[in-house]
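Report on the structure given below.
When reading the values below, keep in mind they use all heavy atoms of this one structure, side chains included, and skip hydrogens, waters and symmetry mates. Start at 1 and go down the list; that is how both ligands and their atoms are numbered.
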Amino acid sequence: MKKRFLVLLSVMAALTIVLAGCGNKKDTSVQKVQDKKTLVVGTSADYAPFEFPIMQNGKKQIVGFDILLAKQIGKELGVKVKIVNTDYPDLLPELKNNKVDLVIAGMTPTAQRRKSIAFSKPYYYTSNTLLVRKADANKFNTIADLKGKSVGAQQSSTQETIAKKQLKNSNVVTESLVTGMTTELQNGKLDGVVVEKAISDNYVRKYPEKYAIAKVKLTTPKQASQICVAGRKGDKALMKKTNKVITHLDKTGKLDKMFDQAETIQVKYNK
Ligand code: ARG
């Protein structure tokens, strides 16, 4: 009798373990990252102060606000961070194909993206602007002033949508790198580039003799003002950790400090 009871007890215990395991089985996202001791983060380093390359001791390094955030998430998970630099349009495919664990690239959670991707809570808010040559600082005051002009916007970005919708009479050109377009702006190939305010501010601060923000007002739909971390829909535990880090950094005022820190690095290094 006693033996039977013991058998029953161990069967029940085993069942409990199996059932508990089932609950977790769906989401091993944090475990996986901890097992490989590395959080792999995809970014597109053409976006100072969010992510940009610098040369340090003869070696190219990707740094910036998003990288500082990635490091904080890595710290929370107890792992190191590996940054994978990819052109912006390829970031979400890489995430979906499990090439990276998270995408931290100044990314906006659009309704379209939300269909297949999960987003963290916002860690930054921004609007959209038109970056122009300094010489043209007062040339483009209304959307009508941009008629027939070539305006760049990053391919697959919210800026592409904004430019195509709002600048109907301009020639909207999309390219994969923001840095390529800002060079073309200087070459005269483009007359303006639609970029988020944090980015245009950064260009103007770093190169006041070259760039200016046009007076023309672009509308930024509410959702398009948010910047969030992107993850896979199934990786709920990893997103929960990410949100925990963001909440903590926000509450303690560290997020703002990290942004300033990234801008300081950007101004300091010639890239
Ligand atoms: N926030 C915009 C978007 O989600 C642009 C982000 C561009 N990021 C970059 N690293 N180039 O589409």
Measure up the Tyr124 and Phe259 rings against each other and bin them: parallel (under 30°), tilted (30 to 60°), perpendicular (over 60°). parallel

Pick out the protein N or O atoms lying less than 3.5 Å from any N or O of ligand 1, and list each pair with its distance.
residue: ligand 1; atom: 1 (N); partner: Gly106; partner atom: O; Å: 2.8
residue: ligand 1; atom: 1 (N); partner: Thr108; partner atom: OG1; Å: 2.7
residue: ligand 1; atom: 1 (N); partner: Glu196; partner atom: OE1; Å: 3.4
residue: ligand 1; atom: 1 (N); partner: Glu196; partner atom: OE2; Å: 2.7
residue: ligand 1; atom: 4 (O); partner: Tyr88; partner atom: OH; Å: 2.7
residue: ligand 1; atom: 4 (O); partner: Thr108; partner atom: N; Å: 2.8
residue: ligand 1; atom: 4 (O); partner: Thr108; partner atom: OG1; Å: 3.3
residue: ligand 1; atom: 4 (O); partner: Arg113; partner atom: NH1; Å: 2.8
residue: ligand 1; atom: 8 (N); partner: Ala105; partner atom: O; Å: 2.8
residue: ligand 1; atom: 10 (N); partner: Ser44; partner atom: O; Å: 3.0
residue: ligand 1; atom: 10 (N); partner: Glu51; partner atom: OE2; Å: 3.0
residue: ligand 1; atom: 10 (N); partner: Ala105; partner atom: O; Å: 3.3
residue: ligand 1; atom: 11 (N); partner: Asp46; partner atom: OD1; Å: 2.8
residue: ligand 1; atom: 11 (N); partner: Gln154; partner atom: OE1; Å: 2.9
residue: ligand 1; atom: 12 (O); partner: Tyr88; partner atom: OH; Å: 3.1
residue: ligand 1; atom: 12 (O); partner: Arg113; partner atom: NH1; Å: 3.4
residue: ligand 1; atom: 12 (O); partner: Arg113; partner atom: NH2; Å: 3.0
residue: ligand 1; atom: 12 (O); partner: Thr158; partner atom: N; Å: 2.8
residue: ligand 1; atom: 12 (O); partner: Thr158; partner atom: OG1; Å: 3.4

Just by distance, no angles: are the side chains of Ser157 and Gln159 close enough, under 3.5 Å, to form a donor-acceptor pair? yes

Between OG1 of Thr129 and NZ of Lys217, what distance do you get to the nearest 0.5 Å? 10.0 Å

Salt bridge (Lys or Arg N to Asp or Glu O under 4.0 Å) filter on Asp191, not counting sequence neighbours, yields Arg133

What residue among Ile54, Val41, Ile83 forms side-chain contact (heavy atoms from CB on, under 4.5 Å) with Ile62? Ile83

Return yes if a side-chain donor-acceptor contact under 3.5 Å exists between Glu160 and Thr174, otherwise no. no

